[in-house]
Amino acid sequence: MENAGQYLAAMRARAPLVQNITNYVAMNVMANILLAIGASPAMNHAHEEVAEFAGLADALSVNLGTLDPYWVTSMELAARAMAGQGKPWVLDPVAVGATALRRDAGARLLALRPGIIRGNASEIIALAGAEAAGRGADTANTVSDAEGAAGALARQTGGVVAVTGEVDYVTDGSAAFRIAGGHALMPRITVLGCSLTGVVAAFAAGQPPLEATVAALASYAVAGEMAGELAKGPGSFQVAFIDALYLMTPQDVTARARITAA
Amino acid sequence: MENAGQYLAAMRARAPLVQNITNYVAMNVMANILLAIGASPAMNHAHEEVAEFAGLADALSVNLGTLDPYWVTSMELAARAMAGQGKPWVLDPVAVGATALRRDAGARLLALRPGIIRGNASEIIALAGAEAAGRGADTANTVSDAEGAAGALARQTGGVVAVTGEVDYVTDGSAAFRIAGGHALMPRITVLGCSLTGVVAAFAAGQPPLEATVAALASYAVAGEMAGELAKGPGSFQVAFIDALYLMTPQDVTARARITAA
Amino acid sequence: MENAGQYLAAMRARAPLVQNITNYVAMNVMANILLAIGASPAMNHAHEEVAEFAGLADALSVNLGTLDPYWVTSMELAARAMAGQGKPWVLDPVAVGATALRRDAGARLLALRPGIIRGNASEIIALAGAEAAGRGADTANTVSDAEGAAGALARQTGGVVAVTGEVDYVTDGSAAFRIAGGHALMPRITVLGCSLTGVVAAFAAGQPPLEATVAALASYAVAGEMAGELAKGPGSFQVAFIDALYLMTPQDVTARARITAA
C-alpha cells in the first residue's frame, strides 16, 4: 500500500456508477461526496427497480440509517442482484445494535455476505453478535475493541471489514492495515461515515477489495486533514472537505497517507 | 434567566441523545445543528423501532413537515413512549393549518400533551384552533398575534409553548419571556426552525422545560447574530451558523442573550 | 428576451409558493435555492393532501429522482389538481430511461401534459421514446442531440421543453432559444438540475411559460457564473451559488444573460 493514490486514480478513470440504498440524512451529502471525489452516485429504493438498476451500476452501498422493513427488502433485492453479477456491495450497519429491527436487518444482510462492511467500533462489535456499548449512530467502543469482531466477521463473510474511528482498522480476516489521519471535527458532522461507505464502494468497483478499502479510507483521511487546515468549525469543515475531495490528487494521497500493516 | 449560558453548558455536559421523527428536508441540517451545538442526533421512523428507540433517547422531537399517515403513527408511538418514561418531547406543527391531514395530525399529537411546542405564529394560532394566515411553512401572522393562542395551548397541555419569529415568545401559561436576536437572513434558509425544535429537545433533557426552551432560543439567536457578522447571503450564513453553534461558549450566550420577562 | 431580469423581478414580487414533489436527495438544497432566489418552497407527498395543497400553491414541480409507486401517484394527483386550476406544473424526468418503473412513470406524467419539462439531454431523448445514452442521473448525450426530441415533446404536450447542459435549449415546438453560461463545476454538485426545475416552476407562476423558462435558466446561469468567480471546488461553489441567487439583481441578469434565438 505504498502507492495508495493509484487506487484513487483508477477510480477516477473509471468514474463508477455507485447505487446507494441509504438513509434520508445521508443522501445529499453522500451524493456530493461521491461526485466530488470522482464517482457517479444514484439513490433509489423502489422494489420495482433496485435489482434492475443494479444491472447498470458498478457498485452498491446499503445503509441501515433510517431503515424500515420496506427499505430492508430493497437492500436485499439489490445486494442479491449485485452479488449475482459479481459486482461489489458494501454494508453500513448504522446503529445495528440499537433495536431488534436493526439487529434483524443486520443479520439478514450479513447472511448475503457483503463483500465489504464499514462501520464504527460499536456497530462492528454488535454485528458480530457481541455486546456493544454504542447507542444511536455513536460509538462507545474504541477501534481496537473491535479488531477481534472485525476479523471474525471477515472470516464469516469471506469479505473485508473496516472499522473506522480515530485510527481505522481494515482486515480481510488474515491481512490487516491501520489508517491514521482525518480530523477531530469529523465526528461533529453527520453522515461522513455513511458517505465514506459509498466512497469505499466506488473504489471497490473493479479493484481488489482489501486494497480498495484501505485506499478509500486513506484518501478520505487525507482530504479530512486538508479540510482541517481551513476549517473554523463543522460548517466550514464540510465545505472545505468537499472541496478537498475534489482537489486532492493521487500524489497527495500517496504522499500523505498514513497506512501501516497491523 | 440572567445566566442563560448555564443551560447550554449543562446540555453539552449531558450530550443528550435526541430522537427526531422529522421531515425529509430537515434531517441532514438538523443532525448537523444538533452535533454542532453539542447533542447527539438520531433520526428514525419505523413503527417496529420508534418506541424501543425512545427507551435509549434522552428527548424526542416530532415534526409534521413532510408528513404522511405512516409517519404520524410513528410520532404517536414515540411520543407515548417518551411520555411514559417521563422524558421530554417537543412538537413542531409545520404548516398545521394548511390541509385537513395536518389539522388532524396536529390534533392527534396535541391530545398526547407535548411537553413543549415550537412553531411560528401562524402554526401556533392554527394549532390552537383559530383562523391563521400562513400557507406552507411561512407565517403571515406576527409573534404578538399568537401570544393568546400560545397561552391557551400551554394551559391546555400543561406544557411550554414557544412562538418563534423576529422576537420569540415563550410561555408555560403563566410566566412568559421574550427573546430577541437572530438575523434577518434566517427566514431565507430552510429548516432552521425545524432544527431549533431539535435543539429545544436537547436543552429540555434533564432541565426544566420553560428555562430550557428560553435558553435554547437565546443560544440559537446568539449563534445567528455571530453568523450574521460573517455571512454574505444565505449560503454563507448556514456555514457560519453551524460554526457559531459549535464555537459559541456559555459565556457568549449569557453575555449576548436578550431575554426579557413578558 | 433582451430584458430577462424583468422575469426575475416579477417572480420576486410575487414570491410564489412552489409545491415540490421531489426526490429525497434534492429536498433541502431545492428549498434553499428557492428561498435564496425569492420564492417560497413547500415539500409534501401524502395522497391525502397533495391535491388540497395544490389549491394553495402557485406552481408545482414533480421529480422522478427517488421515485416509488406511492410517489408517482402523489405526482399524478397534484399535477391533475394544478392543471385543473390552470396553474403551471413542471416535470423533471430524472433518469427516465434507466428502468421500466421510470419509463412507465414518465409516460404516465407525460400523458397529463406538463406545461414545462426540464431535463438533461439523455432524459429528454428517453422521454420522447428514443434510445438515449445516459445512465443514472448523468447524461451521455449532448444538448444538440436532444433538440429534435425536445421539439417533438413540446408539440406533443403543447408545452415548453428545456434541455439543460453546457448550453441550454428551450422550445415550445416552434420558437426556440439557447442559453449559455453557468460554470464547469455545476455538474459536480448534486441536484442543481432538480433545483432548477423548482426555479422554473417559480418563474412560471403567472408568467408566460416560454419566456419564464428561458429567464429562469438564464438567471441560474448568471448565478452560476458569479459563484464560479469565488469557488475553489464543489463545496465552496454550492455556498457561493446560494449566496449569488440571493444577491443577484434583475439588472445583473439582464446584463449578463447570454440568450440567443435558436
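For clarity, every value in this text was computed on a predicted model and none was experimentally measured.
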Output yes when C/Glu52 and B/Arg103 qualify as a salt bridge under the 4.0 Å nitrogen-oxygen rule, no when they do not.
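Between B/Arg103 and C/Glu52 there is a salt bridge, with a charged N closer than 4.0 Å to a carboxylate O.
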Let me confirm one number: the [atom1]-[atom2] distance from [X] to [Y], rounded to the nearest 0.5 Å.
| X | Y | atom1 | atom2 | result |
| --- | --- | --- | --- | --- |
| C/Glu49 | B/Thr99 | CD | OG1 | 4.0 Å |
| B/Tyr70 | C/Tyr70 | OH | OH | 13.0 Å |
| C/Ile37 | B/Arg188 | CD1 | CZ | 10.5 Å |

Heavy-atom distance under 4.5 Å to chain B: side chain of C/Leu230, backbone, both or neither?
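Just the side chain, heavy atoms under 4.5 Å.
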Write down the atom of [X], the atom of [Y], and the distance for their closest heavy-atom approach.
| X | Y | result |
| --- | --- | --- |
| C/Asp243 | B/Gly235 | OD1-N, 2.8 Å |
| B/Ile189 | C/Leu35 | C-CD1, 3.7 Å |
| B/Ala98 | C/Phe53 | CB-CE1, 4.1 Å |

When you look at CZ of B/Arg108, are more than 12 heavy atoms from neighbouring residues, nucleotides or ligands closer to it than 6.0 Å?
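For B/Arg108, atom CZ is crowded (more than 12 foreign heavy atoms under 6.0 Å).
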Does any non-hydrogen side-chain atom of [Y] lie less than 4.5 Å from one of [X]?
| X | Y | value |
| --- | --- | --- |
| C/Asn32 | B/Pro234 | no |
| B/Asn28 | C/Asn28 | no |
| B/Arg102 | C/Asn44 | yes |

Decide side-chain contact (heavy atoms from CB on, under 4.5 Å) for B/Tyr24 and C/Met43; before the verdict, give the C-alpha distance in whole Å, the side-chain angles of both, and the deciding distance to 0.1 Å.
CA-CA 9 Å; B/Tyr24 301 123; C/Met43 276 66 182; over 6 Å; no
Could you give me the CA-CA distance, side-chain angles and deciding distance for C/His45 and B/Leu67, then say whether side-chain contact (heavy atoms from CB on, under 4.5 Å) is met?
CA-CA 8 Å; C/His45 63 282; B/Leu67 91 176; over 6 Å; no
